[in-house]
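In what follows, a structure is listed as structure tokens, so that the remarks can point back to it.
Fair warning: this is a prediction, and the values are worked out from it, not measured in the lab.
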Amino acid sequence: QVQLAESGGRSVQAGDSLRLSCVASEGTFSTYAMAWFRQAPGKEREFVAAISMSGLATYYPDSLKDRFAISRDNAKNTAYLQMNSLRPEDTAVYFCAAKDWEGNYGLARKYTYWGQGTQVTVSS
């Protein structure tokens with residue numbers, strides 16, 4: 001069973017960039033599809049990005065694909081989320097998630113494993 005730990009969240013100014021990391025322990029990292037979701041106060045959890053087990057395929061909602069990029073390093077058991085041109089509306093707790101099958105990347109309920117989240121706050 002994989003355990004996930006996010007890091008890298010902090011307070012930034014609008015227009016800044018930030019990279020989040022998600023380190024996986026236990027299990028074989030390369031056998032998990034990985035994703036990032038976020039949740040702002042009073043809102044539902046929102047799909048941000050996903051990446052296939054091999055890292056060859058990535059998925060984004062149209063609203064974020066021009067600013068956010070997901071990647072992974074299977075040798076380091078780590079997934080990343082690069083966020084550019086941050087906006088105040090990007091303020092949320094960011095979670096990484098994992099599942100041991102491909103497909104349905106944007107559905108939070110399909111992910112088995114979740115980290116505790118890391119707070120990103122963007123000030124105008």
Side-chain angles (χ1 to χ4, degrees):
Q1 169 170 327
V2 66
Q3 297 184 13
L4 305 173
E6 305 95 335
S7 63
R10 61 183 177 91
S11 295
V12 297
Q13 296 292 313
D16 286 352
S17 295
L18 197 60
R19 189 177 79 159
L20 306 182
S21 299
C22 173
V23 177
S25 60
E26 310 295 334
T28 302
F29 184 67
S30 61
T31 65
Y32 293 96
M34 301 296 297
W36 289 92
F37 290 79
R38 67 185 183 185
Q39 190 164 19
K43 295 188 177 181
E44 294 186 355
R45 195 161 293 193
E46 177 187 15
F47 172 61
V48 174
I51 189 166
S52 64
M53 295 177 186
S54 66
L56 294 178
T58 56
Y59 307 87
Y60 306 92
D62 289 342
S63 59
L64 297 177
K65 63 181 180 180
D66 293 333
R67 297 189 297 120
F68 288 16
I70 189 171
S71 61
R72 66 189 296 161
D73 185 338
N74 285 348
K76 296 183 178 180
N77 291 353
T78 303
Y80 304 97
L81 181 68
Q82 178 68 41
M83 303 185 292
N84 300 321
S85 301
L86 283 163
R87 304 168 180 169
E89 54 264 40
D90 294 320
T91 295
V93 177
Y94 284 72
F95 299 89
C96 70
K99 60 185 176 73
D100 59 4
W101 54 282
E102 305 275 24
N104 293 122
Y105 295 101
L107 298 177
R109 65 179 185 273
K110 298 296 185 179
Y111 288 83
T112 307
Y113 306 104
W114 291 84
Q116 294 298 308
T118 186
Q119 176 72 48
V120 173
T121 302
V122 184
S123 301
S124 58

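At a threshold of 4.5 Å between side-chain heavy atoms, the hydrophobic network of Ile, Leu, Val, Met, Phe, Trp and Tyr places Val120 and Met34 in one connected group. A continuous path of hydrophobic side-chain contacts links Phe47 to Phe95 [ILVMFWY only; heavy atoms under 4.5 Å]. One hydrophobic cluster holds both Val122 and Leu20 under the rule that ILVMFWY side chains link at heavy-atom gaps under 4.5 Å.
Between Tyr113 and Tyr32, the ring planes are perpendicular. Angles over 60° get that label, and only those under 30° would be called parallel. The aromatic rings of Tyr111 and Phe37 lie perpendicular to each other, with more than 60° between the two planes, well past the 30° mark.
For the atom pair CG of Leu86 and CD of Gln13, the computed distance is 11.0 Å after rounding to the nearest 0.5 Å. The structure places NZ of Lys110 at 8.5 Å from NZ of Lys99, a figure rounded to the nearest 0.5 Å. Annotation: the span from Asn74 atom CG to Ile51 atom CD1 amounts to 8.0 Å, rounded to 0.5 Å. The structure places CZ of Arg19 at 7.0 Å from CD of Gln82, a figure rounded to the nearest 0.5 Å. Note that the CG atom of Leu4 and the OG atom of Ser25 stand 7.5 Å from one another [nearest 0.5 Å]. The CZ atom of Arg72 sits 10.0 Å away from the OG1 atom of Thr78 when rounded to the nearest 0.5 Å.
Between Arg45 and Gln39, the closest side-chain pair of non-hydrogen atoms falls below 4.5 Å. Annotation: side chain of Leu81 is not in contact with side chain of Glu6 (no heavy-atom distance under 4.5 Å). Contact check for Thr91 versus Gln119: side-chain heavy atoms found under the 4.5 Å cut-off. Residues Trp36 and Met83 form no side-chain contact, since every pair of their non-hydrogen atoms from C-beta on lies 4.5 Å or further apart. Residues Val48 and Leu64 have side chains in contact (heavy-atom distance under 4.5 Å, counting atoms from C-beta outward).
Under a cut-off of 6.0 angstrom, the local environment of CD in Gln116 is sparse, with at most 12 non-hydrogen atoms contributed by other residues, nucleotides or ligands.
Nearest heavy-atom pair across Val2 and Ala24 is CG2-CB, 3.5 Å. Counting all heavy atoms, side chain and backbone alike, Ala40 lies closest to Ala92 at N-CB, 3.8 Å. Nearest heavy-atom pair across Ser85 and Ser17 is N-OG, 4.2 Å. The two residues Ala35 and Ile70 have their closest heavy-atom pair at CA-CD1, 4.3 Å.
Both tests do not hold together for Lys76 against Phe29: distance to the six-membered ring centre under 6.0 Å, angle to the ring axis within 45°.
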Start with the C-alpha gap between Arg67 and Asp90, add the side-chain angles, then the distance that decides, and say whether side chain to side chain contact (heavy atoms under 4.5 Å, CB included) holds. CA-CA 11 Å; Arg67 297 189 297 120; Asp90 294 320; 2.8 Å; yes
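Listed for the Glu102 side chain is a donor-acceptor partner under 3.5 Å among the backbone atoms of Met53.
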